[in-house]
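So you know, we letter chains A, B, ... as the sequences are listed, proteins then strands, and number each from 1. Values in this document were obtained by computation on a predicted structure and should not be read as measured data.
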There are 2 protein chains.
Amino acid sequence: MTNKGQILRLLNYKNLLKHLQTLGFKKVFSDNISDTLEISSSLVRKDFGNFGITGNRKGGYEIDSILGKIDDILGKDEIQKVVVIGVGRIGEALMKYQGFMKEGIQIVAGFDIDPSRINTEGNPPVLHNDKIADFIKENDIKICIMTVPQMVAKHTVDLLSATGIGGILNFTPIKFQSTAELTINNINIVHELENLIYVVNKQKDKE
Amino acid sequence: MTNKGQILRLLNYKNLLKHLQTLGFKKVFSDNISDTLEISSSLVRKDFGNFGITGNRKGGYEIDSILGKIDDILGKDEIQKVVVIGVGRIGEALMKYQGFMKEGIQIVAGFDIDPSRINTEGNPPVLHNDKIADFIKENDIKICIMTVPQMVAKHTVDLLSATGIGGILNFTPIKFQSTAELTINNINIVHELENLIYVVNKQKDKE
DNA sequence: TCAATATTGTTAAGTTTTTCACATAAATTT
DNA sequence: AAATTTATGTGAAAAACTTAACAATATTGA
Ligand SMILES: NC(=O)c1ccc[n+]([C@@H]2O[C@H](COP(=O)([O-])OP(=O)(O)OC[C@H]3O[C@@H](n4cnc5c(N)ncnc54)[C@H](O)[C@@H]3O)[C@@H](O)[C@H]2O)c1
Ligand SMILES: NC(=O)c1ccc[n+]([C@@H]2O[C@H](COP(=O)([O-])OP(=O)(O)OC[C@H]3O[C@@H](n4cnc5c(N)ncnc54)[C@H](O)[C@@H]3O)[C@@H](O)[C@H]2O)c1
């Protein structure tokens with residue numbers, strides 16, 4: 001019933017609705033959403049229907065109500081604790097990023113093998129690698145962000161897998177497959193850029 | 001004929017084939033590719049067919065030949081010049097990242113509004129914002145990475161659009177729509193993480 | 001040389017995702 | 001109060017994407 005892109009779409013609805021809310025709107029129609037997100041209004045209604053979000057015929061949907069429901073769906077009642085493995089350039093950027101907090105996500109620690117990176121008093125702290133397993137178990141961490149060098153990516157996945165973690169957001173260029181126990185989602189920034197370059201060049205060729 | 005995820009799939013084929021190449025393999029079968037990437041072998045053959053990559057019945061495909069063809073498709077004959085707008089935490093990580101180079105992508109400059117960020121002698125240099133338009137025109141830049149604060153994202157897109165740039169890889173949380181002239185691809189890291197959290201929590205619920 | 005085998009290339013079938021279309025119901029107008 | 005308008009909710013249709021199936025054909029081995 002719920003399909004692959006649906007949660008990402010739900011997050012887009014959420015962003016838009018929060019924006020409309022700050023502008024003072026109380027109600028919204030599926031058309032308003034579909035126009036700005038460039039999808040069909042029936043897809044919006046179908047998504048809402050699939051998640052049990054209901055409106056009033058003729059009256060549209062109440063923004064507050066949708067937002068509450070979306071948070072329920074996403075499990076935003078409790079703060080999600082996340083750790084970062086590999087506090088290099090991109091790992092550090094993510095650790096210091098304030099944008100996770102307001103979505104109920106807290107980066108509670110980073111881990112690195114390089115002693116010069118370690119800062120146990122930091123907020124969040126950066127701990128040594130050999131503490132990963134204990135930390136994950138003691139703090140019941142289910143999700144981590146992996147930003148280690150490509151060379152150690154496989155090894156790191158194996159290590160994390162053994163801790164019983166549930167999900168990895170992988171920024172290394174190695175593409176990992178999910179298993180029943182461990183979901184691995186891969187973000188390949190180089191590929192995203194190459195894809196964009198392809199699209200733009202193709203467009204140019206057509207002209 | 002060519003569909004949305006096809007180029008990203010092609011890039012995955014490329015990664016895998018390069019790996020097989022370093023292991024000494026000369027030939028590959030669609031099955032070898034589909035097994036490791038967890039798709040069907042007919043999809044691999046269909047992708048190849050769509051892009052004019054041919055093999056030999058019974059003999060499989062020649063790795064060198066596929067890789068050459070993929071590079072042709074992606075236009076890897078010339079180096080792609082890219083600029084970064086907003087050299088903060090994530091912009092700087094991207095600017096210093098060495099992984100673009102070996103895919104024929106060169107970050108030739110960064111731009112920032114903050115004088116303390118500027119370093120005209122850097123490699124690549126970080127220039128002041130007010131040089132964006134001239135630089136893009138003089139250097140025939142078609143692609144940029146946008147890593148400015150959310151607040152100035154809209155303004156930056158307008159500014160870039162006016163320069164006639166062809167593509168933006170947008171890391172801000174604002175989702176922009178592409179136009180006929182300007183392709184904007186959005187990477188929303190927070191959404192990726194929220195999506196992963198959803199999937200993992202749902203998995204846990206089922207158990 | 002000829003049968004057996006293995007793999008591509010491609011058409012058809014299947015699956016997933018999105019949109020269309022409209023009956024249904026709430027609100028507004030006459 | 002009836003008619004009209006306007007949106008939802010949803011089943012059917014369409015589109016997009018993936019896989020299955022197999023004929024065509026190259027290679028191997030007897
Ligand atoms: N920087 C970027 O813009 C960018 C873009 C796309 C992909 N990536 C990928 O993200 C990953 C990190 O890139 P980066 O530029 O931040 O690299 P980096 O070298 O700056 O950071 C890597 C960090 O991982 C640490 N590390 C090494 N081995 C470790 C281990 N076994 N356990 C834990 N930590 C370990 C290192 O000490 C270092 O601090 C790489 O795989 C890279 O390919 C980076
Ligand atoms: N850091 C992360 O991990 C992360 C993750 C997801 C999304 N993002 C998004 O990426 C963007 C950048 O994040 P960041 O953490 O690097 O922020 P940052 O504040 O470290 O960097 C932003 C940079 O942009 C510069 N800037 C401001 N106005 C500008 C303008 N008009 N033109 C050019 N440059 C300008 C600032 O001087 C600063 O150097 C934000 O939109 C953020 O939401 C960041």
Can you list the residues that meet the side-chain contact (heavy atoms from CB on, under 4.5 Å) rule with B:Thr22, with sequence neighbours excluded?
-> B:His19

Closer than 4.0 Å, any side-chain N/O of A:Arg9 to the OP1 or OP2 of C:dT17?
-> no

Whole Å only: how far is the CD1 atom of A:Ile39 from the C1' atom of C:dT17?
-> 12 Å

For B:Ile53 and C:dT10, what is the distance between atoms CD1 and C1' respectively, to the nearest whole Å?
-> 16 Å

Assign A:Ser41 to base, sugar-phosphate, or nothing according to its heavy-atom contacts below 4.0 angstrom with the strands shown.
-> nothing

Rounded distance (Å) that lies between atom P of C:dT18 and atom CG of A:Leu37 = 13 Å

Apply side-chain contact (heavy atoms from CB on, under 4.5 Å) to B:Asp35 and list each qualifying residue two or more places apart in sequence or on a separate chain.
-> none

Option passing side-chain contact (heavy atoms from CB on, under 4.5 Å) with B:Leu182 (candidates B:Thr163, B:Leu160, B:Ile165) | B:Ile165

Residue pairs passing the ring-ring contact (aromatic ring centres under 6.0 Å, His included) test where at least one lies in residues 132-161 of chain B, sequence neighbours excluded = B:Phe111-B:Phe135

Nearest-0.5 Å distance that lies between atom CG in A:Asn195 and atom CG in B:Asn185 = 6.0 Å

Near DNA chain D, under 4.0 Å by heavy atom, which residues of residues 12-35 of chain B?
-> none

Mind jotting down which residue pairs meet the side chain to side chain donor-acceptor pair (under 3.5 Å) criterion with at least one end in residues 68-80 of chain A? Sequence neighbours excluded, please.
-> A:Lys14-A:Asp71, A:Lys76-B:Glu194

Scan for ring-ring contact (aromatic ring centres under 6.0 Å, His included) pairs involving residues 40-88 of chain A, sequence neighbours excluded, and state none if there are none.
-> A:Tyr13-A:Phe48, A:Phe48-A:Tyr61

Length of the line joining A:Ile7:CD1 and C:dT17:P, which is rounded to integer Å = 13 Å

Atom CG of A:Asn50 and atom C1' of C:dT19: how far apart are they, to the nearest Å?
-> 14 Å

Are B:Tyr61 and C:dG9 close enough that a side-chain N or O sits under 4.0 Å from OP1 or OP2?
-> yes

Would you indicate what B:Gly49 reaches in the nucleic acid, counting non-hydrogen atoms under 4.0 angstrom: base, sugar-phosphate, or nothing?
-> nothing

Interatomic distance where CG belongs to B:Leu43 and P belongs to C:dT11 [whole Å] = 16 Å

For B:Thr183, what residues pass the side-chain hydrogen bond (donor to acceptor under 3.5 Å, both in side chains) criterion, not counting sequence neighbours?
-> none

Atom-to-atom span, NZ of A:Lys4 to C1' of C:dT18 - whole angstrom = 16 Å

For B:Phe51 and C:dG9, give me the distance from atom CZ to atom C1', rounded to whole Å.
-> 16 Å

Those residues that, when tested against B:Asn170, pass side-chain hydrogen bond (donor to acceptor under 3.5 Å, both in side chains) (two or more places apart) = B:Thr172, B:Asn186

Base-contact (B) and sugar-phosphate-only (S) positions in nucleotides 20-30 of chain D, heavy-atom cut-off under 4.0 Å, - elsewhere = BB-BBBBB---

